[in-house]
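Order of listing sets the numbers, starting from 1, for every ligand and every atom in it.
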Amino acid sequence: MLKDKIVLITGASSGIGASCAKLFAEAGAKLILAARRFDRLQALATQLQQDFHTETHLLELDVRDRSQVESQLQSLPPNWANIEILINNAGLSRGLDKLYEGSIEDWEEMIDANLKGLLYVTRSIVPGMVQRGSGHVVNIGSIAGRQAYPGGNVYCASKAGVRAISEGLKQDLLGTPVRVTEIEPGLVETEFSIVRFHGDGDRAGKVYEGLTPLTPDDVADVVLFCATRPPHVNISEVLLVPTDQANATLVSRRS
Ligand code: NDP
Ligand code: 8X3
């Protein structure tokens with residue numbers, strides 16, 4: 001079903017994006033991998049070539065940079081231009097401060113990447129899907145988009161925005177065959193918390209202490225499932241959490 005289909009994954013240099021690359025490569029897709037850390041993309045592409053003979057096209061891309069997004073995505077080589085699946089995964093959290101004490105730089109980084117970046121990429125890719133009469137947009141939202149938690153404020157707002165954008169895009173694409181899915185994971189152990197705490201690995205580790213978090217492969221598995229349903233089936237929203245998590249604030253930890 002995915003053999004030789006072109007899949008664009010943003011934020012493919014780590015975590016959920018890199019796992020999606022692996023699972024879609026295994027399923028036979030051709031991959032456009034985008035992120036800022038180009039060396040990571042190169043290493044991943046080499047691995048995928050070795051393991052699955054995957055063809056890749058790499059983009060050193062900061063999704064916050066509108067002109068970079070537009071110029072890179074509008075000048076793809078013709079054999080890479082017909083993107084079938086767009087996985088809008090690039091994103092981050094910064095800080096866990098009370099709103100009234102928060103860093104405005106942190107807020108801007110989250111809003112620029114999680115919301116504006118996702119919008120720039122979507123605006124560049126979806127017109128081609130509509131024109132060709134085929135395509136699927138998968139947005140990586142979060143449980144944080146359904147429920148705010150203390151200190152989550154702006155990150156939660158950005159993911160609530162991803163939820164609204166996904167719902168709105170589905171409505172705007174009604175009458176076309178282009179599908180829209182939003183995936184809302186709970187706790188997934190990736191570089192996410194290290195990035196949130198500006199490189200403080202000890203603090204990041206405590207987020208997952210005493211519980212079994214999701215792995216990035218668990219999330220990629222769900223993305224792959226959604227992308228491989230028959231064309232008349234649109235999975236609009238999936239909330240997946242670790243068994244040790246009930247909602248954004250309620251987790252069970254073994255001491
Ligand atoms: P990671 O930190 O491991 O991966 C984040 C990815 O996003 C990296 O590849 C990073 O690449 C990329 N990225 C960040 N900012 C930019 C940017 N400005 N331009 C391009 N790429 C960017 O975390 P996760 O894999 O966990 O995060 C992936 C997505 O999943 C995010 O949207 C996150 O909000 C979401 N999520 C994560 C959860 C979790 O608990 N981990 C739960 C729910 C949702 P690079 O730095 O090389 O540019
Ligand atoms: C990431 C999950 O709960 O840390 O979106 O916000 S959480």
For the residue pair Arg229 and Phe225, would you count it as a cation-pi contact if the rule is NZ or CZ under 6.0 angstrom from the ring centre and within 45 degrees of the ring axis? yes
What does the contact table look like for ligand 2 (nitrogen or oxygen on each side, cut-off under 3.5 Å)?
unit_1, atom_1, unit_2, atom_2, d
ligand 2, 5 (O), Ser142, OG, 2.5
ligand 2, 5 (O), Tyr155, OH, 2.6
ligand 2, 6 (O), Tyr149, OH, 2.6

Can you measure from NZ (Lys116) to OG (Ser158) and round to the nearest 0.5 angstrom? 13.0 Å
Pick, from Pro242, Gly141, Ala21, Gly91, the option with the minimum heavy-atom distance to atom 5 (C) of ligand 1. Gly91
Could you tell me the residue and atom name of the protein heavy atom closest to atom 12 (C) of ligand 1, and the distance to it rounded to 0.1 Å? Gly11 CA, 3.5 Å
Quick test: of every protein heavy atom, which one is nearest to atom 11 (O) of ligand 1, and how far off is it to 0.1 Å? Ser13 OG, 2.9 Å
To the nearest 0.5 Å, what is the distance between CD1 on Ile32 and CG on Leu76? 5.0 Å
Which donor-acceptor pairs under 3.5 Å do side chains of residues 127-139 form with protein atoms, sequence neighbours excluded?
unit_1, atom_1, unit_2, atom_2, d
Arg132, NH1, Asn82, OD1, 3.4
Arg132, NH1, Gly128, O, 3.4
Arg132, NH2, Ile83, O, 2.9
Ser134, OG, Glu84, OE1, 2.9
Ser134, OG, Glu84, OE2, 2.7
His136, NE2, Thr181, OG1, 2.8
Asn139, OD1, Asn88, ND2, 2.9
Asn139, ND2, Ser166, OG, 3.0

Starting from atom 19 (N) of ligand 1, what is the nearest protein heavy atom, named by residue and atom, and what distance separates them? Val63 N, 3.0 Å
Atom 33 (C) of ligand 1 has as its nearest protein heavy atom Tyr155 OH, 3.7 Å
Heavy-atom proximity to atom 35 (C) of ligand 1, picking from Ile143, Ile140, Leu59, Val219, points to Ile140
Shortest non-hydrogen contact between Ala34 and Leu8, atoms and distance: CB-CD1, 4.4 Å
How far is atom 23 (O) of ligand 1 from the closest protein heavy atom, and which atom is that? Thr190 OG1, 3.3 Å
Side chain, backbone, both or neither: the part of Leu214 lying under 4.0 Å from ligand 1 by heavy atom: neither
Given Ile194, Leu240, Val207, Asp62, which has its nearest heavy atom closest to atom 18 (N) of ligand 1? Asp62
Show every donor-acceptor pair shorter than 3.5 Å between a side-chain atom in residues 141-148 and any protein atom, with sequence neighbours excluded, or say none if there are none.
unit_1, atom_1, unit_2, atom_2, d
Ser142, OG, Ala144, N, 2.8
Arg146, NE, Glu184, OE1, 2.6
Arg146, NH2, Glu184, OE1, 3.0
Arg146, NH2, Glu237, OE2, 3.3
Gln147, OE1, Ala248, N, 3.0

Linking directly or through intermediates, with side-chain heavy atoms under 4.5 Å: list the remaining ILVMFWY members grouped with Leu174, chain and number order. none
For Leu61, the atoms of ligand 1 under 4.0 Å from one of its heavy atoms are 19 (N), 20 (C)
Gly15 neighbourhood, listing ligand 1 atoms whose heavy-atom distance to it stays under 4.0 Å: 3 (O), 25 (O)
For the 3.5 Å polar cut-off, considering only N or O atoms, please tell me whether Gly17 and ligand 1 meet it. no
Tell me which protein heavy atom sits closest to atom 41 (N) of ligand 1, plus the residue, atom name and distance to 0.1 Å. Val188 O, 2.9 Å
shortest atom 43 (C) of ligand 1-to-protein heavy-atom contact is with Pro185 O, 3.3 Å
Does Asp244 come within less than 4.0 Å of Arg254, counting only side-chain N to carboxylate O? yes
Minimum-distance protein heavy atom relative to atom 4 (O) of ligand 1: Ser14 OG, 3.6 Å
